[in-house]
Structures are given as structure tokens and as C-alpha cells.
Amino acid sequence: MAWTKYQLFLAGLMVTTGSINTLSAKWADLFQAAGCHDTTDRAFSHPFLQAVCMFLGELSCLAVFYILVCHDRRKPEPTMEPGQRFNPLLFLPPALCDMMGTSIMYVALNMTSASSFQMLRGAVIIFTGLLSVAFLGRRLEASQWVGILITIVGLVVVGLADFISGETDGQHKLSDVITGDLLIIMAQIIVSVQMVLEEKFVYKHNVHPLKAVGTEGFFGFVILSFLLIPMYFIPVSNFSTNPRQVLEDALDAFCQIGHKPLILLALLGNTVSIAFFNFAGISVTKEISATTRMVLDSLRTLVIWVMSLALGWEKFHGLQILGFIILLIGTGLYNGLHKPLMAKLPCWAGEHSAESGDADETERLLGGSRVAEENK
């Protein structure tokens with residue numbers, strides 16, 4: 001069936017805003033500006049402040065939700081289902097996971113390329129699959145286990161590409177690239193815990209996706225904003241690049257923004273894009289399918305890689321293409337993209353129909369994951 005113009009718009013919006021989200025965050029990292037304590041230009045390295053901006057974008061989804069509800073109630077026959085009432089504290093544990101995972105990923109983005117950052121986030125299906133078996137009692141199909149193994153191979157190839165390019169690329173030190181890649185994978189463990197918590201405690205309450213994203217954004221924004229205060233006094237030695245060598249110097253960030261206002265544009269791009277990306281992703285899942293959302297998310301990775309090359313932020317490396325293709329195959333197998341093709345084979349048709357229930361369950365787990373993402 002051909003897509004409608006609205007569905008095409010949603011797909012384009014998801015790919016565009018998702019790409020802008022990562023690219024704008026990396027763009028902010030690449031700026032050089034003087035701060036409050038010196039006159040020398042240096043890199044804008046404030047990952048926790050960037051995470052606060054990202055949560056502000058998620059929080060805006062809550063405002064959009066209430067605007068849509070108010071608009072719908074003015075109609076003679078309201079059609080929007082706002083969902084049942086729930087205790088907002090249900091979202092606190094996944095919001096804390098989101099906060100930790102996002103902050104770690106923004107730290108890692110300072111150390112590695114935007115394309116590797118996006119590709120390595122594919123590791124989330126490994127840990128989500130394992131945790132769903134352990135804590136949700138889910139049974140993975142053979143194709144899903146194969147998908148996980150192929151994804152591991154893809155991650156190794158992408159990591160190898162970073163290792164080789166790190167030795168010849170003057171933009172990032174090899175030690176930083178390796179550390180950044182490991183931090184991204186570590187963050188995916190936390191993100192997968194977030195997904196399992198949402199699946200186990202949140203989804204059963206029939207919460208509207210925009211309200212879910214906005215509520216998590218509220219907790220993340222408020223908590224992380226308050227945490228910026230103690231971070232201003234916590235020394236971390238050479239781990240931080242700000243002059244005071246503390247975990248986060250928000251005042252120094254504002255001084256750098258004052259000296260180079262374009263940084264504010266990059267931060268606004270990150271904030272606005274995550275809001276539209278969440279809305280588009282939720283709408284794609286509703287209007288088309290969760291599988292389509294996964295495919296579009298993979299296309300976003302390709303767009304980020306191509307744009308990074310075009311902007312001169314990184315150099316072409318053939319291993320990255322190989323790693324991306326392997327990761328794409330692994331993710332596709334895990335999410336059952338091979339089944340529509342296999343269903344055309346007579347020997348597969350019966351088995352496919354018997355397994356469709358499990359496939360839908362898995363698709364809901366990963367396809368609706370950024371009722372949290374990515375992203376994130």
C-alpha cells in the first residue's frame with residue numbers, strides 16, 4: 001500500500017530531526033570560544049549542560065500533549081484518547097536511567113565522531129534482548145539471537161575503524177576515541193535497563209506516548225539542572241577540559257555562548273530537534289509501523305555519516321561502511337525485517353504465522369523504545 005502524504009511527511013520529519021539532533025550536538029562540541037576564566041579560545045565541552053537542553057526538548061512534548069488534548073476537547077466529538085491517570089513517580093526510575101545514559105553519551109560524543117556515535121548506539125539491542133529474557137521472561141527466536149551475534153560483529157568492525165582512523169586523525173586522540181566508544185556502549189546498557197523498566201512498569205498503564213516522553217523529560221530536566229550545582233564544585237582533574245577542571249562548569253558554558261552566540265543556535269537545534277523527533281517517531285509507529293520506525297532510524301545513521309563527511313568533520317573509512325551494513329543486518333534480523341520476505345516461501349508461511357505474536361511483542365519493546373532515544 002502506498003504511503004499517504006502525511007506518512008511521507010512524518011518519515012521525512014523523523015529522519016531530518018533525528019539527524020539534526022546528533023549533528024547539532026556534535027556541532028556545539030566543535031566550537032572554540034573563550035570562557036569566564038581565560039581569554040584563550042578552547043573547545044565547548046559541556047556535556048551535562050547539553051543533556052539538560054535535550055531534556056528540555058523532551059519536556060516540551062508534555063506541553064504539546066496538553067495543547068493537543070485542549071484542542072481535541074473543543075471538538076463536538078473528541079477523538080484523542082489521553083490515556084488513564086497514573087502516578088508520575090512511575091517514570092522516575094526510567095528517567096534516572098535516561099539521565100545517566102544521555103549524559104554519558106554526550107561525554108562520549110566529545111571524544112569520537114558523530115557517525116560512530118550513532119552506529120555504536122545499535123548495541124542497545126544486545127542488552128535489551130538479554131535483559132528482556134532475564135527480567136521480562138521473554139523468549140527470543142533463533143533469528144533474534146543471530147541478529148544479536150551479527151550486531152556484536154558489527155560493533156567490533158566499527159570499533160576497529162575508529163581505532164585505525166584514530167591513529168591518523170588529528171581531531172581526536174586515539175585514547176579518547178577508544179574511551180568514547182566504550183562509554184557509548186556502556187550507556188546502551190543503561191538505556192536497555194530503561195527500556196525494560198518502561199516495559200515492565202509503565203506500558204501497562206496505557207499512557208499516551210507524548211505524555212510519557214514529556215514526564216521523563218520533566219524529571220530529567222529538573223534533576224539534572226539541580227545536579228549542575230554540585231557538579232560546579234566536584235574536581236575531576238584532567239577528565240574535564242574546562243579551566244577549573246570540575247565535572248561541569250555551567251557558568252563557563254554561558255560565557256562561551258556569550259563570546260560565540262552560534263553555540264546557542266547549536267544547543268537550540270538539539271533542543272527543538274529532539275522534541276520533533278520524538279513526536280515524529282511516535283507518530284510513525286502509530287500511522288505506519290514500529291518496523292518502519294526502525295528502518296528510518298537506520299537511515300538517520302546513514303544521513304549523519306554522509307553529512308559528517310560532507311562537512312569535513314571526519315574522513316572516509318571503508319570499514320565504517322562495512323560495520324554499518326553488518327549492524328543494519330543484525331538490527332533487521334532482531335526486529336524481524338526478514339519475515340515479510342521469508343513469508344513468501346511456502347515452507348515458511350505456517351511457521352511465520354505461529355510466531356507473529358512473539359514478533360509483535362518484540363517490536364513493541366524496541367519500536368516504542370523512545371517513548372524514551374535514543375535518544376535520544
Side-chain angles (χ1 to χ4, degrees), residues 10 12-31 33 43-68 91 94-95 98-110 114 117-118 121 187 191 194 209-228 231 248-283 297 300 303-304 307 370-376:
L10 289 175
L13 183 66
M14 180 181 169
V15 173
T16 303
T17 54
S19 302
I20 290 174
N21 183 250
T22 298
L23 291 171
S24 60
K26 188 61 182 178
W27 186 33
D29 294 341
L30 295 175
F31 276 110
F44 183 84
S45 179
H46 298 280
F48 296 99
L49 183 67
Q50 285 179 287
V52 169
C53 293
M54 193 278 294
F55 282 117
L56 179 60
E58 288 192 355
L59 174 59
S60 67
C61 290
L62 199 59
V64 172
F65 168 76
Y66 285 113
I67 290 172
L68 291 175
F91 284 93
D98 194 8
M99 185 182 70
M100 288 188 289
T102 300
S103 299
I104 291 172
M105 283 192 282
Y106 277 125
V107 171
L109 188 57
N110 275 290
F117 168 82
Q118 195 65 36
R121 291 175 71 176
V191 171
Q194 173 193 348
L210 280 176
K211 193 173 184 180
V213 172
T215 305
E216 284 190 13
F218 170 78
F219 282 119
F221 177 76
V222 171
I223 295 171
L224 196 53
S225 294
F226 277 111
L227 287 178
L228 289 179
M231 287 179 183
E248 180 62 283
D249 191 340
L251 295 180
D252 185 65
F254 293 130
C255 288
Q256 286 190 287
I257 292 170
H259 288 132
K260 186 153 287 187
L262 270 178
I263 299 174
L264 181 60
L265 180 62
L267 295 178
L268 285 174
N270 185 257
T271 302
V272 174
S273 63
I274 194 65
F276 280 100
F277 176 64
N278 276 304
F279 170 76
I282 291 165
S283 300
D297 203 46
R300 173 171 70 118
V303 171
I304 291 169
M307 289 299 298
R370 206 54 185 172
V371 164
E373 100 163 56
E374 232 248 45
N375 129 114
K376 15 330 242 267

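What you see below is based on every heavy atom in this structure, not just the backbone, and it leaves out hydrogens, waters and symmetry mates.
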Residues which pass ring pair (Phe, Tyr, Trp, His ring centres under 6.0 Å) with Phe219, listed by chain and number, not counting sequence neighbours: none
For Ser103, enumerate each residue passing the side chain to side chain donor-acceptor pair (under 3.5 Å) test, keeping only those at least two apart in sequence or located in another chain. none
Counting distance only, does the side-chain N/O of Gln50 pair as donor-acceptor with the main-chain N or O of Ala25 below 3.5 Å? yes
Is the shortest side-chain heavy-atom distance between Phe117 and Thr22 below 4.5 Å? yes
Partners meeting side chain to side chain contact (heavy atoms under 4.5 Å, CB included) with Ile67 (sequence neighbours left out): none
Would you say that more than 12 heavy atoms from the other residues, nucleotides or ligands in this model lie under 6.0 Å from the CZ of Phe254, or not? no
Is there a donor-acceptor pair under 3.5 Å between the side chain of Glu248 and the backbone N or O of Met231? no
Is the closest side-chain heavy-atom distance between Tyr66 and Lys211 below 4.5 Å? yes
Identify every side-chain donor-acceptor pair in residues 12-20 under 3.5 Å, counting partners at least two apart or on other chains, and give the distances.
unit_1 : atom_1 : unit_2 : atom_2 : d
Thr16  : OG1    : Gly12  : O      : 2.7
Thr17  : OG1    : Leu13  : O      : 2.6
Ser19  : OG     : Val15  : O      : 2.7

Only counting residues at least two apart or in another chain, list the ones meeting side chain to side chain contact (heavy atoms under 4.5 Å, CB included) with Met100. Ile190
With no hydrogens and no angle check, is any side-chain donor or acceptor of Ser273 less than 3.5 Å from a backbone partner on Asn270? yes
Taking side chain as C-beta onward, heavy atoms only, is Phe44 less than 4.5 Å from Ile263? yes
Drop me the distance from Thr215's OG1 to Glu58's CD, to the nearest 0.5 angstrom. 10.5 Å
Taken in chain and number order and not counting sequence neighbours, the residues that satisfy side chain to side chain contact (heavy atoms under 4.5 Å, CB included) with Leu56 are Leu59, Phe221, Thr271
Taken in chain and number order and not counting sequence neighbours, the residues that satisfy side chain to side chain donor-acceptor pair (under 3.5 Å) with Ser45 are Thr241
Side chains of Phe31 and Ile257 in contact at under 4.5 Å (non-hydrogen atoms): no
Closest heavy-atom pair, Asp249 versus His46, reported as atoms and distance to 0.1 Å, is O-CE1, 3.2 Å
Excluding sequence neighbours, so at least two apart, what forms side chain to side chain contact (heavy atoms under 4.5 Å, CB included) with Val272? Phe276
Compare all side-chain heavy atoms of Lys26 with those of Ile304 and state whether any distance is below 4.5 angstrom. no
side-chain contact (heavy atoms from CB on, under 4.5 Å) for Phe65 and Val213? Distances and angles first, verdict last. CA-CA 10 Å; Phe65 168 76; Val213 172; over 6 Å; no
Could you go step by step and tell me if Phe55 and Leu224 meet the side-chain contact (heavy atoms from CB on, under 4.5 Å) rule? CA-CA 9 Å; Phe55 282 117; Leu224 196 53; 4.2 Å; yes
